[in-house]
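Some notes on the structure that comes next.
When reading the values below, keep in mind they use all heavy atoms of this one structure, side chains included, and skip hydrogens, waters and symmetry mates. In this text the structure is predicted, and so the values were computed from the model without any measurement.
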Amino acid sequence: MSEHVAMLTALGASVREVRTPDQLEGVDGVVLPGGESTAMARAAAKVGLFEELAARRAAGLPIFGTCAGLILLSERVEDGAALDGFATVGGLDITARRNAFGGQLASFTEDLSVAGMDGPAFPAVFIRAPQVVELGPDVEVLARTGGDGPVVAVRQGNLLATSFHPELTADVRLHRYFRAMVRSSQPPVDV
């Protein structure tokens, strides 16, 4: 999480970590970081964080999910038995497959072409990364591995998600993209 905080702060955003529903007050956008999606869902369940975040997401709050964050934004998780019984945030009309590229030892970096992003390819870092295996009609594909391989970056309205970790690079373009989404979103959300 500290890498996301550093990147957004460097871009001029005022950033704070959120661990309880009351800490969402006054927040204009949320980053769901990478990590272990089941552990994150269990921790959030203790305080009802994802239920509140799902309500704010439904009201238009922009959310950027990276790696495990993509899984937690997914409406469907292909192998999500470990998440059964725990609230997630949802809202992204996709089916995700956890650890689709393999385990920790199968981690890799790939330079990706990202739709709407000028300049050189984006240096995407994949660590136990999920894939998007099904897309709803309103989901925009932003990037695929190998140009026409598995979907690894998507956007649907105020939701942005990547299978990879943009915060582990020196490239700020995806965080800048998310900041622009936050700025263009509706004023503060009342739930």
Side-chain angles (χ1 to χ4, degrees), residues 1-96 98-99 127-130 132 136 138-139 153-168 174-191:
M1 188 65 198
S2 62
E3 294 87 356
H4 285 293
V5 171
M7 209 167 248
L8 288 166
T9 300
L11 291 172
S14 175
V15 182
R16 68 175 180 235
E17 292 190 27
V18 172
R19 299 187 189 282
T20 61
D22 60 306
Q23 292 172 327
L24 286 168
E25 213 50 54
V27 168
D28 296 325
V30 170
V31 174
L32 283 173
E36 217 301 309
S37 57
T38 305
M40 293 167 70
R42 286 182 179 165
K46 292 179 182 174
V47 295
L49 178 60
F50 285 171
E51 291 89 343
E52 180 64 21
L53 191 51
R56 290 174 184 266
R57 181 261 308 149
L61 179 72
I63 303 175
F64 181 12
T66 62
C67 197
L70 177 144
I71 295 166
L72 295 170
L73 284 176
S74 301
E75 280 293 315
R76 298 165 300 280
V77 179
E78 191 177 79
D79 50 352
L83 294 171
D84 283 351
F86 296 102
T88 61
V89 180
L92 193 53
D93 187 12
I94 62 171
T95 301
R98 299 169 73 206
N99 303 322
I127 303 170
R128 296 182 59 210
V132 177
D138 297 325
V139 179
V154 293
R155 179 176 179 182
Q156 181 180 3
N158 281 342
L159 303 178
L160 174 67
T162 63
S163 297
F164 53 88
H165 292 267
E167 77 281 10
L168 298 181
L174 275 166
H175 286 78
R176 186 179 295 131
Y177 182 98
F178 181 63
R179 274 207 82 201
M181 286 174 59
V182 171
R183 281 196 212 114
S184 67
S185 69
Q186 297 298 315
V189 179
D190 290 321
V191 178

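R176 places no side-chain N or O within 3.5 Å of a backbone atom of L11 that could act as its donor or acceptor partner. The main-chain N or O of T20 is found under 3.5 Å from a side-chain atom of Q23 such that the two form a donor-acceptor pair. With R56 contributing its side chain and P62 its backbone, the two residues share no donor-acceptor pair below 3.5 Å. For T9 (side chain) and A6 (main-chain N/O), no donor-acceptor pair under 3.5 Å exists by modelled atom type. For R98 (side chain) and V77 (main-chain N/O), no donor-acceptor pair under 3.5 Å exists by modelled atom type. Within the 3.5 Å criterion, the main-chain N or O of L168 finds no donor-acceptor partner in the side chain of E3. A distance-only check finds no donor-acceptor pair linking the side chain of T66 to the backbone of H165 [under 3.5 Å].
Evaluation of the salt bridge (charged side-chain N to carboxylate O under 4.0 Å, His left out) test over residues 153-168, restricted to residues two or more places apart or in two chains, returns none. Pairs passing the ring-ring contact (aromatic ring centres under 6.0 Å, His included) check and including a residue from residues 21-71, sequence neighbours excluded, read F64-H175, F64-F178.
Of all heavy-atom pairs spanning G35 and A68, the tightest one is O-CB, 3.4 Å. Of all non-hydrogen atoms in V30 and L24, the two that sit nearest each other are CG2-CD2, 4.0 Å. The two residues L72 and S37 make their nearest non-hydrogen contact at CD2-O, 3.9 Å. Listed here is the closest heavy atom pair of G90 and E75: C-OE2, 3.4 Å. Scanning both residues, A129 and C67, for their nearest heavy atoms gives CA-SG, 4.1 Å. When every heavy atom of L159 is checked against every heavy atom of L61, the shortest pair comes out as CD2-O, 4.5 Å.
Note that OG of S14 and CZ of R16 are 7.5 Å apart. Values are rounded to the nearest 0.5 Å. How far OG of S74 is from CD1 of I94: 3.5 Å, rounded to the nearest 0.5 Å. Interatomic distance, CG of L92 versus CD1 of I71, reported as 12.0 Å (0.5 Å rounding). The structure places OG of S163 at 13.5 Å from CZ of R128, a figure rounded to the nearest 0.5 Å.
Between I63 and N158, the closest side-chain pair of non-hydrogen atoms is not below 4.5 Å. D138 places none of its side-chain heavy atoms less than 4.5 Å from the side chain of D93. Between L70 and V132 there is a side-chain heavy-atom pair separated by less than 4.5 Å.
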| said: What verdict does the side-chain contact (heavy atoms from CB on, under 4.5 Å) test give for L73 and L32, after you've listed the backbone C-alpha separation in whole Å, the side-chain angles of each residue and the deciding distance to 0.1 Å? | reply: CA-CA 9 Å; L73 284 176; L32 283 173; 4.0 Å; yes
| said: side-chain contact (heavy atoms from CB on, under 4.5 Å), that's the test. Do V47 and R19 meet it? Break it down for me. | reply: CA-CA 8 Å; V47 295; R19 299 187 189 282; over 6 Å; no
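For CZ of R76, the number of neighbouring non-hydrogen atoms (other residues, nucleotides, ligands) closer than 6.0 Å is greater than 12.
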